[in-house]
*Asks:* 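Here you go, one structure.
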Amino acid sequence: MASFFRISAIVNMRSASAALALFFAATIVFFCVSAPRFATASTVENLMSGFSFVAILAMGQAFPILVRGIDLSIGAIVGLVGMIVFDLSLIGQLPGYLILPLALLAGALAGAVNGVLVVHLRLQPFIATLATLAAYRGLTYAISGRQLVPGLTTTPIRDPWLTGIETYFDVGGWLGLSRLVNMPWVPLSFVIMLAVFVVLQVLLTSTRFGRDIYATGGNHEAARLAGIRVNNVIIAAYALAGLCAAIAALIMVARFTTATEALGAGMELTAIAAAVIGGVSLAGGVGAMFGPALGAFLLGAILIGLTLQGVPQFVQQIITGAILLAAVGYDRLLSVRRQRRLTAASTAAT
Amino acid sequence: MQQPYLEVVGISKSYPGVRALSDVNFSVRKGEVVGLVGENGAGKSTLMRILGGVTEPSSGKIILDGRELTCLTVAESMRGGIAFVHQELNLFENLTVAANIFIGREPRRGGVLRLVDEGELNRRATPLLTQLGADFAADTPVGALSLAQMQLVEIAKALSLRARLIIMDEPTSSLTATETERLLAVVARLRSEGVSIILISHRLAEIEHAADRVVVLRDGKCVGELDRADIRAETMIRLMIGRDLKTLYRQPARPPGEAVLQLKDVRTSYRPEQPVSLDVRRGEILGLAGLVGSGRTELARAIFGLDPLKGGEIRIAGKAVAITSPRAAIGHGLYLIPEDRKRSGLLLDFPIRSNVTLASMDTHSRFGLVDRHAEEASAEEQRRSLDIRTPSVSVLAGALSGGNQQKVVLAKWLSMAPKILVFDEPTRGVDVGAKNEIYGLMRALSDRGVGILMISSDMEEVIGISDRVAVMHEGRIAGFLGREELSERAILSLAVGRLAA
């Protein structure tokens, strides 16, 4: 991991990640003690299967935020991609192995459109993606096979290439641990999440593209003057967010064996919350992949724990909001401190 | 002898590990202009922060208007009649001049409604502006003013607070020659009205011109105090750096070669009706002088592909090239060192290493993966050859001093074998010692065959290091001056639009 943190632009990441991991551990301990049936294999399984796609969304969301933007449309992209999969499979009768790449392409394209709006029409990311949020959701209704072909509403998707994503591995059994304790089965979606994590983390911290992302987010003007194609970098960041949304959509469709028009609604807020809790600075240029992923599971653990404690849904939402506020406050604190340290060092140097 | 308005006695300030000021004494009499000079880090800012009440001195006392204090608070400093005109102006560009002057102290009308009395606001602001000889009205939006005019607004604000000592920190660093002259006239006028002024400036010619007395700081100590008759730039420089400054100009090693950069009837969107033609030759430093607004920066932006060309042709090494983006310019070996390095030259919270290799990721990555060893090696090499003073190339660029930051910006391009370097104000905000180093580097580069185009508003710099100077006036080249013709007078007469003598 050491080399992941070589860029000092994320100098605070190590401490921020450590703080987040500690907070995550404390949360787990708290619920293990206070919530009935929290410390069970099924909780871990629920967490893995119910929040891996949230983690993927959060990691995708981190890219627009890293280039000083935001993507409000990823929930709508989830819905759109879900409906495309539904149509292609049930109306188009296309085989799953063709649908998978098409779905990913659709997500990436929808994201790239956001990027183009931001870069070439110079729209505020917030407004541009708010507009596409509405547009993509509307498009989802427009192409909904449920409306176009009556009777499909109750037909499940049975293509093994698609439903196969909802597979569980008895890792505990293979390792022989299940004889000792009750081990959770590991869902494929968790493995996909881990793969996405590794790929994106390497992309971000060890490749030239990642350097360009940090540079563009850190100082757009200086990056441009250094010959970095900042416009392409920004479009790619939004495309990656869309691609992650498509992966999340595939996981959700596999889980429900269908897609509804409302699939993914509101998920963008959870993803933004997880990314910010995970130390991706809204000021741009600071953050990595570990934080957003863990941030998603932290939110998940809290929701599951509170549910087990019998806390009503609306209280859970209030608590989630409070955590987001705390995370944003912490982000501010870190960036103020970073600023102050630079100023102090610069004064001492002159 | 008149009682001084402000007297600073034996002021010291220590930070852990650093002694920023030690035993500094100086005084300012009523209606006196005191120049305060010193290299960056000499302690000027600390001293000013103490006078502003922001920093508490470790020892010593301050006698302000007859009252003896061990330290000032911000409120006491203001009540004592001290006002600051900072390098960075603190104005609201969306409000009018009058509103800015009386911000937070607006006259009211309408009883309980407490409406702002716009008429009264302008009536009160107008005499202040007249006093300063301002050429704009009180109801002008500040956003429509030039930098020099904004400074007058700041000064008017100070006067409205009944300031009796105005501290001006590098007030002329962004002003043109005429604007500077006008500001110095304002200083003289204020002085005749009994206002005291502390003038901090890197531009020694101004200090020579305007100050009644000069205090020189070096390493936190007061190393000299010069009276009117003794104020000379060479004396001040010698005191500031503790040694005599060598004459700036160094002959190029070889006579300049063929043209590396040729502009033929280039038109920019700034002044499309004015074609610009010039050649930068191999191994020469071509100075580009002119008043602010004469189109120098716009020309540089167009050459570097930041703004589209409206016509004409750019040739590099004899071949016509299409430069549509910075990336294209970089591809042709043409690099820009921008005017505002913090905003457009550096990633302040990136380490030096990443800043150096920012533009040359092609040679520092394999299969898209960043090669950290190659990166480290390049950065180290540049650190050594440019003498960037830092313990390690992992230090964040934002933590360096101005001169070292500029070296990092330079290092970014030097690792990529430049053909042509365009410097926009290469030494703005850089202290005297580092300035000379940067000049030395520029000459060393030109001797290696690089063609250098240097935009500068610093007359001393233009005359001191250019082999040839092109002077711009209202978007066109008003004339070229050879080395032997260079003088402040010759440049200025071209810059204001008179024909070359």
Side-chain angles (χ1 to χ4, degrees), chain A residues 2-13 199 201-233 236 281 283-287 334-350, chain B residues 15 17-18 20 39-42 45-46 304-306 325-331 335-338 340-351 353-355 357-362 364-365 367-370 372 389-390 394-405 409 412-413 431:
Chain A
S3 72
F4 283 179
F5 296 106
R6 284 282 289 274
I7 295 186
S8 311
I10 48 171
V11 70
N12 283 312
M13 282 310 292
V199 169
Q201 178 73 355
V202 169
L203 187 71
L204 202 49
T205 55
S206 302
T207 67
R208 175 172 181 176
F209 173 72
R211 189 62 68 79
D212 290 353
I213 289 262
Y214 282 121
T216 304
N219 187 342
H220 184 278
E221 179 79 359
R224 192 161 82 104
L225 292 189
I228 292 171
R229 292 187 182 98
V230 284
N231 288 351
N232 295 2
V233 170
S281 171
V286 177
L334 284 185
S335 64
V336 166
R337 242 194 251 161
R338 191 168 53 237
Q339 216 55 52
R340 207 172 286 157
R341 205 172 33 217
L342 275 187
T343 320
S346 179
T347 318
T350 53
Chain B
Y15 292 104
V18 193
E39 287 197 85
N40 288 343
S45 316
T46 312
F304 196 58
L306 282 162
S325 68
R327 200 178 166 77
I330 290 165
Y335 309 141
L336 173 75
I337 289 92
D340 183 345
R341 61 183 163 267
K342 288 194 180 183
R343 211 172 64 78
S344 19
L346 284 173
L347 292 153
L348 292 175
D349 49 17
F350 267 43
R353 171 172 23 85
S354 316
N355 270 292
T357 58
L358 187 64
S360 51
M361 271 293 141
D362 284 328
H364 293 100
S365 60
F367 316 117
L369 290 180
V370 176
R372 293 222 163 80
R389 314 247 165 80
T390 172
S394 304
V395 169
L396 303 190
L400 298 174
S401 67
N404 281 311
Q405 283 184 347
V409 178
K412 172 168 71 191
W413 300 129
D431 65 57

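Just so it is clear: chains get the letters A, B, ... in the order the sequence lines come, proteins before strands, and each one is counted from 1. Bear in mind the structure is a predicted one, so any value in this text is a computation, not a measurement.
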*Asks:* Closest heavy-atom contact between B:Leu358 and A:Ala226?
*Replies:* CD2-CB, 3.6 Å

*Asks:* Would you call A:Asn219 and B:Asp349 a side-chain contact if the rule is heavy atoms closer than 4.5 Å?
*Replies:* no

*Asks:* Measuring only between side-chain heavy atoms, which start at C-beta, is A:Ser206 closer than 4.5 Å to B:Arg372?
*Replies:* yes

*Asks:* Could you check if a side-chain atom of B:Leu306 sits within less than 4.5 angstrom of a side-chain atom of A:Leu225, using non-hydrogen atoms only?
*Replies:* yes

*Asks:* Can you name the nearest heavy-atom pair linking A:Glu221 to B:Arg343, along with the distance?
*Replies:* CB-O, 3.6 Å

*Asks:* Which atoms of B:Phe304 come close to chain A, meaning under 4.5 Å heavy atom to heavy atom: side chain ones, backbone ones, both, or neither?
*Replies:* side chain

*Asks:* Hey, which of B:Thr46, B:Leu336, B:Thr357, B:Leu346 has the most heavy atom pairs under 4.5 Å with chain A?
*Replies:* B:Leu346

*Asks:* Give the C-alpha distance, both sets of side-chain angles, the deciding distance and a yes or no for side-chain contact (heavy atoms from CB on, under 4.5 Å) between B:Val370 and A:Thr205.
*Replies:* CA-CA 9 Å; B:Val370 176; A:Thr205 55; over 6 Å; no

*Asks:* Of all heavy-atom pairs between B:Arg327 and A:Gly227, which one has the smallest distance, and what is that distance?
*Replies:* NH1-O, 2.7 Å

*Asks:* Is it the backbone or the side chain of B:Ile330 that comes under 4.5 Å from a heavy atom of chain A, or both, or neither?
*Replies:* side chain

*Asks:* Against chain A, label B:Asn355 side chain, backbone, both or neither, depending on which of its atoms sit under 4.5 Å from a heavy atom there.
*Replies:* neither

